[in-house]
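Okay, structure first, notes after.
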Amino acid sequence: MGSAREVLAAAASRDGLAVEFGDEPGGAATYLETGEPLVAGALERFRDEYDAVLKGPVGLPEVRKPDGTEAGVLGGVLRTGLDTYANVRPVRLLPGLRDSASPIDYVIVRENTEGLYLSRGSGVRNERAASDQLLMTRFGVERIVRFAFETARTRNGAPGDGVRRVTCVDKSNVLRSFAFFRDIFDEIAAEYPDVEADHRYTDAAAHDLVADPGHFDVLVTENFVGDMLSDLGAATVGGLGTCPSGNIGERTAYFEPVHGSAPSIAGKDQANPTSQLLTAAMLLDHVGATGTAKRITGAVEAAYADGAVRLNPNGTPTCGTRGVTAAVLSRL
């Protein structure tokens with residue numbers, strides 16, 4: 001977060017854009033202090049006082065609720081509390097990072113408020129069995145599918161063939177809820193004759209995102225499936241430390257890296273800040289500061305393209321967190 005704030009402020013200053021930062025504590029430490037993962041009143045301030053929200057990685061594996069689930073995370077609190085129904089996760093191979101037989105530049109649009117994760121905190125369990133319910137509504141599916149098609153209209157198409165395409169990812173051959181999702185997808189697709197409608201079962205999508213990523217432009221899917229596939233996609237472009245994301249609703253939005261916290265390397269100048277930097281660029285683009293967003297993205301790309309930033313096999317940058325920050329700042 002320190003890296004992102006420094007780069008965002010520097011880029012904004014170069015473009016004459018005034019940026020004022022506010023801080024809202026959240027995560028595992030806040031949970032241990034207050035019994036809640038977010039300070040009181042923060043959701044209201046996110047909705048009513050800020051133009052944009054930039055979230056850092058939070059959570060500690062050992063901080064747990066009595067039911068065994070992690071306590072210091074904010075996904076369920078923010079996504080449902082702010083009704084940011086669209087989780088937008090671009091997956092793009094940065095220049096100079098690694099070789100790929102197929103170009104990689106697609107967006108996973110993940111439904112953010114329903115699906116399997118709607119059972120967060122409300123599943124049932126005893127010593128013999130456990131159950132979590134997967135729920136989809138027509139309202140929820142319609143709006144996420146429309147969001148995906150509208151996103152495709154803003155892009156240049158799949159890198160493999162230039163076709164604007166939305167791929168529905170589901171398990172409609174097994175589960176009624178996913179058959180419901182696919183039926184609604186096909187209904188909405190008819191409203192967008194300029195965008196190709198495509199289908200993949202979840203397991204086939206996982207295969208093809210590795211074997212033929214250039215086919216994909218925009219993918220739309222249920223909450224849990226989107227969570228898995230976006231991490232898989234990140235592995236093909238250099239790891240979780242290279243991919244940004246946004247959570248977008250009708251009234252507000254917040255932006256965060258796709259990865260969680262990494263306590264084992266905290267404070268050691270080893271974490272890759274690229275995901276958080278590109279997330280800051282997404283935030284700027286969303287609020288209309290498109291030129292400043294492109295300035296940050298271009299500086300990140302240049303730092304990778306000319307070899308100033310290299311990654312170790314475990315995804316950490318060889319020049320360290322501060323080295324990445326300096327490389328990007330010098331290329332703004």
Side-chain angles (χ1 to χ4, degrees), residues 1-9 12 17-89 110 112-114 117-123 223 227 240-241 244-268 271 273 275-284 286-287 289 321 325:
M1 181 61 84
S3 175
R5 287 176 60 149
E6 188 175 356
V7 169
L8 193 158
L17 178 67
V19 176
E20 179 181 340
F21 292 103
D23 291 296
E24 298 284 354
T30 303
Y31 178 84
L32 291 175
E33 293 169 6
T34 68
E36 299 290 341
L38 191 65
V39 293
L43 280 177
E44 291 73 21
R45 290 189 289 275
F46 293 158
R47 280 194 293 260
D48 302 329
E49 297 182 16
Y50 295 108
D51 294 305
V53 179
L54 183 66
K55 173 186 167 292
V58 300
L60 291 172
E62 66 271 18
V63 179
R64 299 275 168 172
K65 297 178 183 178
D67 64 2
T69 59
E70 195 170 354
V73 292
L74 292 170
V77 175
L78 295 178
R79 289 167 185 168
T80 57
L82 299 173
D83 195 30
T84 51
Y85 66 90
N87 182 234
V88 182
R89 296 191 167 189
R110 162 189 166 194
N112 223 8
T113 59
E114 299 185 347
Y117 287 166
L118 187 60
S119 281
R120 187 194 306 261
S122 62
N223 208 334
D227 196 9
L240 293 171
S245 78
N247 301 273
I248 300 171
E250 297 297 334
R251 290 187 56 192
T252 190
Y254 73 95
F255 298 82
E256 62 181 338
V258 299
H259 58 76
S261 61
S264 63
I265 61 171
K268 297 181 179 179
S275 176
Q276 191 86 59
L277 297 178
L278 294 176
T279 293
M282 283 186 72
L283 178 153
L284 289 169
H286 181 74
V287 299
T321 310
T325 308

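Throughout, numbering of the chain's residues begins at 1 and tracks the sequence.
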Item to check | Pair L118-N223, side chain to side chain contact (heavy atoms under 4.5 Å, CB included): steps then yes or no | outcome: CA-CA 9 Å; L118 187 60; N223 208 334; over 6 Å; no
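- No side-chain heavy atom of V39 sits less than 4.5 Å from a side-chain heavy atom of T34.
- Two residues are said to be in side-chain contact when any heavy atoms from C-beta on lie closer than 4.5 Å; E36 and Y31 fail this criterion.
- Under a 3.5 Å cut-off, the side chain of T252 and the backbone N or O of R47 do not form any donor-acceptor pair.
- What you find for S245 and V258 is that their closest heavy atoms are CB-CG1, 3.8 Å.
- Salt-bridge check for R110 with D227: passed, with a basic side-chain N closer than 4.0 Å to an acidic carboxylate O.
- To the nearest 0.5 Å, the span separating CE on M282 from CZ on R89 amounts to 10.5 Å.
- With contacts defined as side-chain heavy-atom distances shorter than 4.5 Å, the pair S3/L277 qualifies.
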For residues 68-78, run the donor-acceptor check on the side chains, cut-off 3.5 Å, and write out each pair with its distance to 0.1 Å, sequence neighbours left out.
residue : atom : partner : partner atom : Å
T69     : OG1  : D67     : OD1          : 2.7
E70     : OE2  : L60     : N            : 3.4

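- Residues T279 and L54 have side chains in contact (heavy-atom distance under 4.5 Å, counting atoms from C-beta outward).
- For the pair Y254 and K55, the tightest heavy-atom approach, listed with the atom from each and the gap, is CE1-CD, 3.9 Å.
- Minimum interatomic distance between G27 and V58 (heavy atoms only, all atoms of both residues): CA-CB, 3.9 Å.
- Here the straight-line distance linking atom CG of L82 with atom CZ of R79 works out to 11.0 Å at 0.5 Å rounding.
- Each of N87, T113, T84 was compared with N247 under the side-chain hydrogen bond (donor to acceptor under 3.5 Å, both in side chains) criterion, and only N87 meets it.
- Looking at every heavy atom in both residues, P257 comes nearest to S275 through CB-OG, 2.9 Å.
- Between Y50 and E24, the side chains place a donor N or O and an acceptor N or O closer than 3.5 Å (distance only, hydrogens not considered).
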